[in-house]
Amino acid sequence: MSEVKVTKRERNVIINPLVTCQPLGAMFAVAGISRGLPLVHGSQGCSTFVRYGFSRHFREPSEIAVTSLHEDAAVFGGRRNLISGLGNLASRFTPDLIGVVTTCSSEIIGDDVDGFIKTARQEIKESLGENAAEKIKIVAINTPSFVEHHYRGYDNAIKAMVDQVALEPANGNDKLNIIPGIVNPGDIREIKHILNMMGQESIMLTDTSDPFDSPLRPGSTQFKPYYPKGGTPVQELEDCSNSSGTISLCNYGAQAAGVLERKYKVPSTIGPFPIGLQNTDQFLRNVKKFSDAEITDELLDERGLLVDSMADITSRYLFGKTAAIYGDPDMVTGIAGFVCELGMTPQLVCTGVENQEFVDDMKEVSKKADGKVEIMYGQDLRSMEVRLEEEPTDIIIGHSDGRLIARDLDIPLVRVGFPVYDRVGYHRVPIVGYRGGINLLDRITNTVLEEYYDPVHWKLQQ
Amino acid sequence: MSEVKVTKRERNVIINPLVTCQPLGAMFAVAGISRGLPLVHGSQGCSTFVRYGFSRHFREPSEIAVTSLHEDAAVFGGRRNLISGLGNLASRFTPDLIGVVTTCSSEIIGDDVDGFIKTARQEIKESLGENAAEKIKIVAINTPSFVEHHYRGYDNAIKAMVDQVALEPANGNDKLNIIPGIVNPGDIREIKHILNMMGQESIMLTDTSDPFDSPLRPGSTQFKPYYPKGGTPVQELEDCSNSSGTISLCNYGAQAAGVLERKYKVPSTIGPFPIGLQNTDQFLRNVKKFSDAEITDELLDERGLLVDSMADITSRYLFGKTAAIYGDPDMVTGIAGFVCELGMTPQLVCTGVENQEFVDDMKEVSKKADGKVEIMYGQDLRSMEVRLEEEPTDIIIGHSDGRLIARDLDIPLVRVGFPVYDRVGYHRVPIVGYRGGINLLDRITNTVLEEYYDPVHWKLQQ
Amino acid sequence: MPHDLFEVDKSIPERKKHIYIKDNADPDQEIPSCNTKTIPGCMTERGCAFAGVKGVITGAVKDAAHVVHSPVGCTAYGYGTKRYPTTPDMPDGGKFPLENFNLKYIMGTDLKESDVVFGGMKKLRQSILEAAKEFPEANAIYAYATCTTGLIGDDMDGVVKELSEELGKDVVAFNAPGFSGPTQSKGHHVGNHTLFQHLVGTKEPPETTPYDVNLIGEYNIDGDLWILKPYFEEMGINILSTFTGDCCHDEICWMHRAKLSLVRCQRSATYIADLIEKKYGVPYMKVDFFGPTYCAENLRAIGKHFGLEDKAEAVIKDRMDKIKPDLELYKEKLQGKKVWVFSGGPKNWHLPRPLEECLGMEVVAVSTMFEHEDGYEKIKERVKEDTVIVDDPNSLEMEEIVEKYQPDIMLSGVKEKYLAHKLQLPCVLIHSYENGPYIGFEGFINLAKDIYASIYNPVWDLVEFKEEVEKTPKLIEEVESGDNIKLKAK
Amino acid sequence: MPHDLFEVDKSIPERKKHIYIKDNADPDQEIPSCNTKTIPGCMTERGCAFAGVKGVITGAVKDAAHVVHSPVGCTAYGYGTKRYPTTPDMPDGGKFPLENFNLKYIMGTDLKESDVVFGGMKKLRQSILEAAKEFPEANAIYAYATCTTGLIGDDMDGVVKELSEELGKDVVAFNAPGFSGPTQSKGHHVGNHTLFQHLVGTKEPPETTPYDVNLIGEYNIDGDLWILKPYFEEMGINILSTFTGDCCHDEICWMHRAKLSLVRCQRSATYIADLIEKKYGVPYMKVDFFGPTYCAENLRAIGKHFGLEDKAEAVIKDRMDKIKPDLELYKEKLQGKKVWVFSGGPKNWHLPRPLEECLGMEVVAVSTMFEHEDGYEKIKERVKEDTVIVDDPNSLEMEEIVEKYQPDIMLSGVKEKYLAHKLQLPCVLIHSYENGPYIGFEGFINLAKDIYASIYNPVWDLVEFKEEVEKTPKLIEEVESGDNIKLKAK
């Protein structure tokens, strides 16, 4: 019998938040569209902070436009800013898609974004001509900053794009829609790798892998920093209503899947975030549910390599070790489950998102754990720090924002998720799928070896 | 102008050797044959120490047979041991190939290995029948332990197998022979990945990747621990005389390539060990030299990702940092070259192999370096330690045998090569090719960040 | 024609007046149009006023707790964005008990939809009280308005006034919502005025000397202050207050007691020097410590002010001797390299001459995010003929600058760095530095070294895959010299 | 029929006599044939005599320099293979200056072809001199014969005798070339005799007490000694010499001064206890500290010998109280689990009863690499009916054991571990341990914990991909208890 304790934040003041506001998620989602550009309808900080955040994590350019709202807009509304912003963006960049991302300001001002977009479309048609204008999709994405968090912003954006761009279904395309969530390029590539091994074509909603990890190849002439290689083509977005199913890896937000199911009868399944053996197994089964994709021998070999590593490593080095895990809720439940598969205890899990389903899932995961599990939701990093001061764990698993906490508590930090700005390459190495499981297992184990075995160095002789 | 200093070991006594004796290399080579078994003609220690070494590095079973020479063999010769050993092995395992690996004992005793094998073949034919016996290749591999080192043993073994098994050429097969050297499964897989992207088929001489990193999948019924999946099939060994060329990545030993060139007119090229941009570029050019393989856009994208990482990371975090590099000579020259590409200085390079070509290559590499380079060859780990006590470097790059040195000198160790037994997963992560370059760059950078940037933590804010 | 309309700006011709090519013959003595609103739909590098106040001015204070009155986003973005390290040392000789307090924590009121409807005052009040409880060690609490609270019209001043009394410690509100003013510069302004109005003159320093100065606009970026401080100490000058690098809350309160204010970052902090002069009669001097020449000049001027000329010369000589060999080395390596400086503001006029005169580089372009007219005048004065000066460049313009002016290196921020790299243009971070500090004599060598490392990064010669290479001859030219062999670089 | 011919041995029927099924009715009181040469062409788990002496006996000595007279291979293989940690503490209260000296360095004569032809004596001499020069701190030098030097007939004894005098420190040659004897056990034997013959009796301890013992055959594997030592200290017994865990060279030289020898590893070290008894009249006692029962029994016996019964009881009670809760926990978890013990020798008779009696496990198979008749007799005595006892099992036999006897866990070495895992058989390292030490009361809990962790490793339930799983119901049975919720495991 395992024991769980569930806590929410007790104070109102938030200290070192684990979430940010909706627009970030929306910008992330739009960045995954080929020749897609986010246009933030708000103050400059709303785009600049996010560009800064993306750049320091991915070490890539992050090109996001802004309508630069100022005092006059606060008084008279952001109409002119949005319309001329759309016009300027269209004429200077000729994008395939513009995602208009609202913010606290534009939501409070009460701008009629849909209406303004209509006007802007008209103006663009007049200046660029009908053909060119038609090629530019403009999607309104409502992401009021004071409602929920970035995770919902992502969800809202994917939903808005699917809702406003997908066409009426015609012929089935035998593809699967995948909503990957706010994950790293390495993770999306791993998902594509798995599908590829299963012979299953897919439409990523959306695909940030190449845009956020793009080669430096000036010789390949089409390249522009604001239009990196890759991303989901708008045609695929239009076509996603013809897919045979939607799988949302984003465990606690899959409105787009709902839209596709209700509007276009595309069946869908949600979660789990495929970290570790069982969750990846489930992902494979989910894929099979919607298609006649095959689980090939090669894929099972990859699984076998993870199994082999776990057999060889975990009971010897990791058994009984405790972990604190923090970050986005799907990553937290996913990693917590994996950590249980490794024979460790997810002693403390913490997410900034306030979501009962997360709590339920964590309770389920906790049943696999051999010890006490504390579930913190709607919490912040400070709460976690205080709990760890009282009851430390052997390792912490989370992103770079916890680094000073880990440093002060002298608990090693295994970096995962977003943002990781104090190490390099983390955006490229997957943690999902079987191969991602091996990576994460190696990372955890090597951290444990360095911290707990190096001091008694002879234990590493063999 | 850079300055180099070249030193050889000055004492006779060897202290913490950087090499071991020939048989290990031969056992490694034979392990890369599908259903191939090494039979060590020597004392039990000769097989047991190596099995132990392989197991702790790869965390895999390592099945090597031995003729168990004892006092009586020392007096009367190892004839009976070898003949009955071959017979027992043949009847109990029915392998596709047995590599008879000699040792100091059998070489000093002066056993007529070729003659004994002939007799054994006859006996096997009698006991198993002609058909079954014919399917078992027996290759004599001379690896006197008191001549050179494991690196030569590998070379001798590949040569012996090619020499004794390859058939007279018939029809060209449009394949390339690759001699990978004593490298990790991850490295061989990366080489195959590159060739695959170029649409070039290959014959690995030999392929230890799957045998030394095999899935745990009891359900796949054919599996036996001593016959792991993968490895080079004997038919490919027979067929390698039909290849359009041989590339030996093993920079300082390519006798097999020589045999194929002289005996069967298969042209060949040697080196470089493809670590980093320029060496991998050269590998690609070498592949093209022998074939009409194409350097695809996808491959150039992988290259571009390495270039991008180098642009983003190296001048900021690594410039001017010094490294000591030790291990097998091709890995050392390869890594030294890469380290120069990163703007670092390979201040001290050290190999246990005494080879003038290595020195010449390192002089060439040193021209790219921005500082003093000390080239130690035919040296040992103790010599390196003494030099590092006098003039420390910022990091050390090498295998686990240097870990106590690194610990005592308080210089962080970036683990590469063989053996790495005090961390996990290193055998699986490639360091060759463009993707391997990214891995190695990440590893080096993260080591530097942890050691030199974490203490001034604010420098990691962005 | 000193103004230029870029190709990429054809559809937004109003950008022309922001782009100025230095022209000595220009009769009208023009400068780029500046400090105006960015054209909507651009990818501007500018930030917002909240960033200006918290991210630049107040975030460096080591013993204040920061409470952002906002939905969660602004709070999250206010975390860990800037490098201003602190020591735990307090002016009274004690230690502040929470290490890295200013870098480690950020707090916020976490406003939700209902707060937008019903007002956020209650949450502000509660949050500040909770903050005080969570970190009783904090000597002050700074609260920040944001777009949301600006738009819903929360009266922050009222709340903080009450709470100051209730808590017995200063609680200060900064009213610079993100949308106010065209750039983060508005936030600097608000920060200066707020700190002056509420704090300066409210406390007395533990002791004073005749050589007390305020070092204003020095935020200790990557340790800048720790380079400058020894200069002053060696000269016998006492830094009474730093505004705001590695400073504590009380230091701001007693700035009126200094004998002289030195203004380092003149864009973000001349305001307060001016206010202090006007109200308390403390004179101020604008100083420039970037590059050895300016650094020497300004130390001399300060020395002269206090009659400490000899001591200033001693500091200058000592440091010049120290950096000379490196300076020569890097000057040789960087001779003729073209540079583009893109800073927030002042570094655009701090750096061109040092880069040119001390390192032999050629400044081909300068651009700023938020400089005002006075700054642009200085920039114009200090750059050479034909240098392009761009106010608030957007992404497309940046690419055009690269194409047109072919710089060898760019000095800018993180957002621009990776874009530059994609254009094969090396880039060194000039806001928070790479391997800084960059100020003073020694710091200038750090900058030179980072520039050198970036330009000479071997990767720039390896960007493209080559189908053919000339085979490197195996024979190497060697020059024996004792044990060692010198290799001639090819 | 107590002997069994395995399926895989059909073509080598001589293996039958090495495999014995315990049969209480067996009239001949047989045991497996043992200590004979391995059949050529097998994948034996055995090592060589050199490994036996350096890797087991002498490598633990903390202040001796080890010079392997061999081609490079044997030297390389002698490095870093065993876990015998040391402290720097010396018996005179000083510290040995080189930390981890025994683990950190290995030396060799690096023989080449010409040495094989002309003899390696010169190199041996030179290497020992160089070793002495490189590590002047070393208090002795141990030199090892190997196959090569055995075959070319180098007279090592002559060289080391000369050098002992020349260097003024003990230089000892161990003549156990790899091919000598059927297993590493030959090396133990040579090691014992050599150390006895050349060292024991040559020095005097700094002081003696009436309670001095030699702890023989205790190599401090993973810190075993550091578990046992406090027991003795608390009983008032002084370990005068450890042979050879965490010991220094001199300790061996004064072993003759102990009042009693305790023989821990009776396979590798009874020889020297016997020799000391014969020559110096020091009696010896065979002891067993694995598992709480044996540990208590033997501490009692030792206490009795010295008239320290009460103190022994106190130690036993203290430790038993400490481990009781864990012991109960693991006994519950491991009840009925089948175990296969495959050790070098003695652990095969040390462990079966503790595993069965204290943990409720069932020993289904035991096998050894190099046990002799006396050991097999003990094994046979201590295992239950129908247990298979295998001498020197080879790879194929190991697989057959797994199939036939279906153990839940194997205790063995690194080489076997990964083979076991491929057969879905968990495996805990019993030679050098995993998270040891495993000896004594506390150590047995470590062993139990490692066994538990291995058997209950969640991966064993996840080995195969399942096409279908029953959907986990989202509803969870909860039992509220205050703040916490208890979840019922399904």
Side-chain angles (χ1 to χ4, degrees), chain A residues 1-7 276-278 280-282 284-285 288 295 299-300 303-304 306-320 338-344 357 359-370 372-375 434 452-453 456-462, chain D residues 80-86 100 103 221-223 413-414 417-418 420-422 424-429 431-436 449-469 472-479 481-490:
Chain A
M1 201 188 287
S2 65
E3 204 177 315
V4 305
K5 183 175 156 187
V6 184
T7 66
L277 272 178
Q278 286 161 295
T280 305
D281 288 355
Q282 187 57 46
L284 264 50
R285 286 189 290 265
K288 281 194 69 173
I295 295 167
L299 193 50
L300 290 175
R303 187 183 190 283
L306 173 56
V307 170
D308 195 50
S309 290
M310 288 165 70
D312 292 348
I313 290 170
T314 59
S315 60
R316 180 164 178 189
Y317 301 122
L318 303 181
F319 172 77
F338 185 44
V339 146
C340 291
E341 290 176 353
L342 303 180
M344 298 173 69
E357 225 184 311
V359 176
D360 294 341
D361 285 351
M362 267 310 306
K363 283 184 190 164
E364 196 57 40
V365 166
S366 300
K367 289 202 275 181
K368 295 193 279 177
D370 196 9
K372 275 199 251 183
V373 178
E374 184 166 339
I375 301 166
Y434 302 123
Y452 300 101
Y453 284 77
V456 280
H457 56 87
W458 72 80
K459 287 190 188 281
L460 294 170
Q461 289 285 102
Q462 56 178 226
Chain D
T81 45
K82 202 95 178 187
R83 292 186 192 175
Y84 18 46
T86 58
N100 309 310
L103 291 179
I221 299 297
D222 209 9
V414 171
K417 183 180 178 83
Y418 302 112
H421 288 178
K422 286 283 193 267
Q424 287 176 273
L425 173 62
C427 174
V428 165
L429 300 178
H431 307 327
S432 277
Y433 310 159
E434 309 218 325
N435 300 287
K449 187 179 169 195
D450 278 346
I451 291 176
Y452 169 70
S454 299
I455 291 180
Y456 285 88
N457 187 339
V459 79
W460 301 123
D461 288 333
L462 305 170
V463 168
E464 298 280 4
F465 176 81
K466 293 192 184 71
E467 290 286 342
E468 300 289 331
V469 284
T472 324
K474 270 266 178 180
L475 260 171
I476 305 158
E477 273 194 84
E478 293 178 1
V479 194
S481 81
D483 258 7
N484 298 6
I485 300 164
K486 296 210 166 143
L487 298 174
K488 262 207 197 142
K490 286 188 298 179

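Order of the sequence lines sets the chain letters (A, B, ...), proteins ahead of strands, with each chain counted from 1.
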Requested in this report: Under 4.5 Å heavy-atom distance to chain A, tell me which part of D:Leu429 shows up: side chain, backbone, both or neither.
Outcome: side chain
Query raised in the report: Do any N or O atoms from the side chain of D:Trp460 and from the backbone of D:Ser454 form a donor-acceptor pair under 3.5 angstrom?
Result: yes
Query - salt bridge (charged side-chain N to carboxylate O under 4.0 Å, His left out) against A:Asp281, all qualifying residues, sequence neighbours excluded - result: A:Arg303
Query raised in the report: Under the 3.5 angstrom rule, does the side chain of D:Arg83 hit a backbone N or O of D:Asp222 as a donor-acceptor pair?
Result: no
Query raised in the report: For chain D, which of A:Gly343, A:Ala311, A:Gly320 has the most heavy-atom pairs under 4.5 Å?
Result: A:Ala311
Query raised in the report: Between A:Arg285 and A:Gln282, is a side-chain contact (heavy atoms from CB on, under 4.5 Å) present by the stated rule, with each step listed?
Result: CA-CA 5 Å; A:Arg285 286 189 290 265; A:Gln282 187 57 46; 3.0 Å; yes
Query - D:Asn435 vs A:Tyr453 side-chain heavy atoms within contact, under 4.5 Å - result: yes
Report task. Output the option from A:Leu277, A:Asp312, A:Asp370 having the highest count of non-hydrogen pairs under 4.5 Å with chain D. Result -> A:Asp312
Query raised in the report: What residue in D:Glu434, D:Lys82, D:Gln424, D:Glu468 has the most heavy-atom pairs under 4.5 Å with chain A?
Result: D:Glu434
Report task. Inspect the contact between D:Asp450 and A:Arg316 and indicate whether a charged nitrogen and a carboxylate oxygen are less than 4.0 angstrom apart. Result -> no
Requested in this report: Below 4.5 Å from any heavy atom of chain A, which atoms of D:Lys417 appear? Answer side chain, backbone, both or neither.
Outcome: side chain
Query raised in the report: Given a strict heavy-atom distance threshold of 4.5 Å, which part of A:Glu374 is in contact with chain D: side chain, backbone, both, or neither?
Result: neither
**Report entry** Portion of D:Asp461 that has a non-hydrogen atom of chain A nearer than 4.5 angstrom
**Finding:** neither
Requested in this report: Would you mind checking which part of A:Lys368 comes under 4.5 Å of any heavy atom in chain D, side chain (CB onward), backbone (N, CA, C, O), both or neither?
Outcome: neither
Report summary line: If one checks every heavy atom of D:Glu467 against chain A at 4.5 Å, the contacting part turns out to be both
Query raised in the report: Quick check: are there more than 12 heavy atoms from other residues, nucleotides or ligands sitting under 6.0 Å from NZ of D:Lys449?
Result: no
Query raised in the report: Within a strict 4.5 Å, meaning less than it, do heavy atoms of the A:His457 and D:Asn100 side chains meet?
Result: yes
**Report entry** Portion of A:Ile295 that has a non-hydrogen atom of chain D nearer than 4.5 angstrom
**Finding:** side chain
**Report entry** Interchain contact, D:Tyr456 with chain A, by part (heavy-atom threshold 4.5 Å)
**Finding:** neither
Query raised in the report: Where on A:Tyr452 is there a heavy atom nearer than 4.5 Å to chain D: the side chain, the backbone, both, or neither?
Result: neither
Requested in this report: Would you check if the side chain of A:Glu341 reaches a backbone N or O of A:Gly276 as a donor-acceptor pair within less than 3.5 Å?
Outcome: no
Query raised in the report: chain A heavy atoms under 4.5 Å from D:Val414: which part of the residue, side chain, backbone, both or neither?
Result: side chain
